[in-house]
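One structure follows; several queries about it will come next.
The chain is numbered in sequence order, starting from 1.
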Amino acid sequence: MVGMNYPMGIIPTWLALLVHVQCCMAFSVAGHENTCEANGSVYYVGEWYFLDSDHCTQCECTAEGSACARTECTSLPSACIHVSHYPTDCCPRCEKIGCEYRGEVYDLGEQFQPSECEQCTCEDDGIARCLVADCAPPPCVNPVYQKGKCCPECKDGPNCYVDSSRTQVIPGGEPVWVNSCTKCRCHDGQDAGYWEGNRLATCTRVKNCQT
């Protein structure tokens, strides 16, 4: 076939086909050069991928090479109390929003009573704010704490000690003769400083009385 002459402008069919195949094979080879290698894989122009070494970095394969940008994580809600960070994720996830108080978890807006004396609310900022009852001093020397109640109660009613020895207790209200010569009375609501730490009775002794 070498040295064969053909009329000008006329090319045999088989020769035209050979030229076409060589052209296309050259284009395909040139296309393979426009690839990017990363993560042990080959990416073609226009493909996007994340780096295995940094899940926050996303790249695009371009004709000039890989063009990468790092993702900035948004701030988690202030009321987030359970954060998870999965190995394949770039940014941490907030799994639970609410308040944590003394090891217990509460929903936003939820009201709860962790003890008889506390009334709490889970606020939108994830902080539990509580009101604590202010109990007045009980008018007795032997108050009892009842289950489900905050402040102690005087089961036997108001009372007080006769003297500083604190060995004898008398009921509140009317004066009480503690012996034949001594009459005592507990402080009551009419007295100044009512039960502000004063748990002793006021006593009077009859003059020249012999017990």
Side-chain angles (χ1 to χ4, degrees), residues 56 72-87 89-211:
C56 288
E72 295 297 330
C73 297
T74 58
S75 299
L76 295 176
S78 59
C80 185
I81 56 176
H82 183 193
V83 179
S84 296
H85 202 158
Y86 297 95
D89 285 354
C90 166
C91 300
R93 300 182 188 181
C94 182
E95 304 285 0
K96 177 69 176 179
I97 294 178
C99 302
E100 185 172 357
Y101 188 77
R102 296 179 184 173
E104 298 293 332
V105 175
Y106 303 93
D107 293 328
L108 295 183
E110 182 179 355
Q111 294 185 341
F112 57 96
Q113 194 171 1
S115 70
E116 288 82 358
C117 295
E118 296 174 287
Q119 183 66 44
C120 306
T121 302
C122 177
E123 302 287 356
D124 291 340
D125 57 2
I127 298 177
R129 292 179 171 83
C130 302
L131 297 176
V132 181
D134 186 13
C135 298
C140 61
V141 298
N142 53 352
V144 176
Y145 285 88
Q146 302 282 356
K147 185 176 181 180
K149 295 184 178 180
C150 171
C151 299
E153 298 178 348
C154 295
K155 188 176 180 180
D156 300 325
N159 57 33
C160 64
Y161 293 114
V162 171
D163 52 37
S164 58
S165 67
R166 302 195 175 193
T167 57
Q168 185 178 358
V169 177
I170 60 174
E174 298 297 324
V176 176
W177 288 94
V178 295
N179 56 48
S180 58
C181 297
T182 305
K183 182 171 62 175
C184 300
R185 183 180 68 87
C186 293
H187 291 274
D188 56 31
Q190 304 303 317
D191 295 330
Y194 170 58
W195 277 111
E196 292 182 0
N198 188 356
R199 300 174 185 239
L200 300 181
T202 298
C203 298
T204 57
R205 183 177 175 83
V206 178
K207 292 183 178 181
N208 302 320
C209 180
Q210 299 293 327
T211 57

CH2 of W177 to OG of S180, rounded to nearest 0.5 Å, is 8.5 Å

Applied to residues 108-157, the ring pair (Phe, Tyr, Trp, His ring centres under 6.0 Å) test, sequence neighbours excluded, yields Y101-F112, Y106-F112

Output for pair (Q119 CD, C150 SG), nearest 0.5 Å, gives 11.0 Å

Those residues at least two apart in sequence (or on a different chain) that pass side-chain contact (heavy atoms from CB on, under 4.5 Å) with C203 are V162, T182, C184, A201

E100 and I81 have their tightest heavy-atom pair at N-CG2, 4.2 Å

Contacts of E153 meeting salt bridge (Lys or Arg N to Asp or Glu O under 4.0 Å) (sequence neighbours excluded), chain-then-number -> K149

Sorted by chain and residue number, the side-chain contact (heavy atoms from CB on, under 4.5 Å) partners of C91 (sequence neighbours excluded) come out as C73

Sorted by chain and residue number, the salt bridge (Lys or Arg N to Asp or Glu O under 4.0 Å) partners of E116 (sequence neighbours excluded) come out as none

side-chain contact (heavy atoms from CB on, under 4.5 Å) filter on S84, not counting sequence neighbours, yields H82, Y86, E95

Sorted by chain and number, sequence neighbours left out, side-chain hydrogen bond (donor to acceptor under 3.5 Å, both in side chains) with E104 holds for none

Residues R93 and D89: closest non-hydrogen pair is NE-OD2, 2.6 Å

Sorted by chain and number, sequence neighbours left out, side-chain hydrogen bond (donor to acceptor under 3.5 Å, both in side chains) with S78 holds for none

Is there a disulfide (SG to SG under 2.5 Å) between C160 and C186? Walk through the geometry before answering.
CA-CA 6 Å; C160 64; C186 293; 2.0 Å; yes

Closest heavy-atom pair, C140 versus R199, reported as atoms and distance to 0.1 Å, is O-NH1, 3.0 Å

Sorted by chain and number, sequence neighbours left out, side-chain hydrogen bond (donor to acceptor under 3.5 Å, both in side chains) with S165 holds for D163, T167

Item to complete: Using the side-chain contact (heavy atoms from CB on, under 4.5 Å) rule, take D107 and K96 through it: C-alpha gap first, then chi angles, then the decisive distance, then the call.
Response: CA-CA 9 Å; D107 293 328; K96 177 69 176 179; 3.0 Å; yes

Residues C94 and I97: closest non-hydrogen pair is SG-CG1, 3.7 Å

side-chain hydrogen bond (donor to acceptor under 3.5 Å, both in side chains) filter on K183, not counting sequence neighbours, yields none

Report the C-alpha distance between V178 and I170 in whole Å, list the side-chain angles of each, state the deciding distance to 0.1 Å, and finish with yes or no for side-chain contact (heavy atoms from CB on, under 4.5 Å). CA-CA 8 Å; V178 295; I170 60 174; 4.0 Å; yes

Check your understanding: Between E174 and R185, is a side-chain contact (heavy atoms from CB on, under 4.5 Å) present by the stated rule, with each step listed?
Key -> CA-CA 7 Å; E174 298 297 324; R185 183 180 68 87; over 6 Å; no

Per-pair distances, 0.1 Å, donor-acceptor, side chain in residues 121-135, under 3.5 Å, sequence neighbours excluded:
| unit_1 | atom_1 | unit_2 | atom_2 | d |
| --- | --- | --- | --- | --- |
| D125 | OD1 | I127 | N | 3.1 |
| D125 | OD1 | R129 | NH1 | 3.2 |
| D125 | OD2 | R129 | NH1 | 3.2 |
| D125 | OD2 | R129 | NH2 | 3.0 |

Worksheet entry | Side chain to side chain, L76 and V83, heavy atoms closer than 4.5 Å | yes

For V144 and K155 the tightest heavy-atom approach is CG2-CB, 4.3 Å

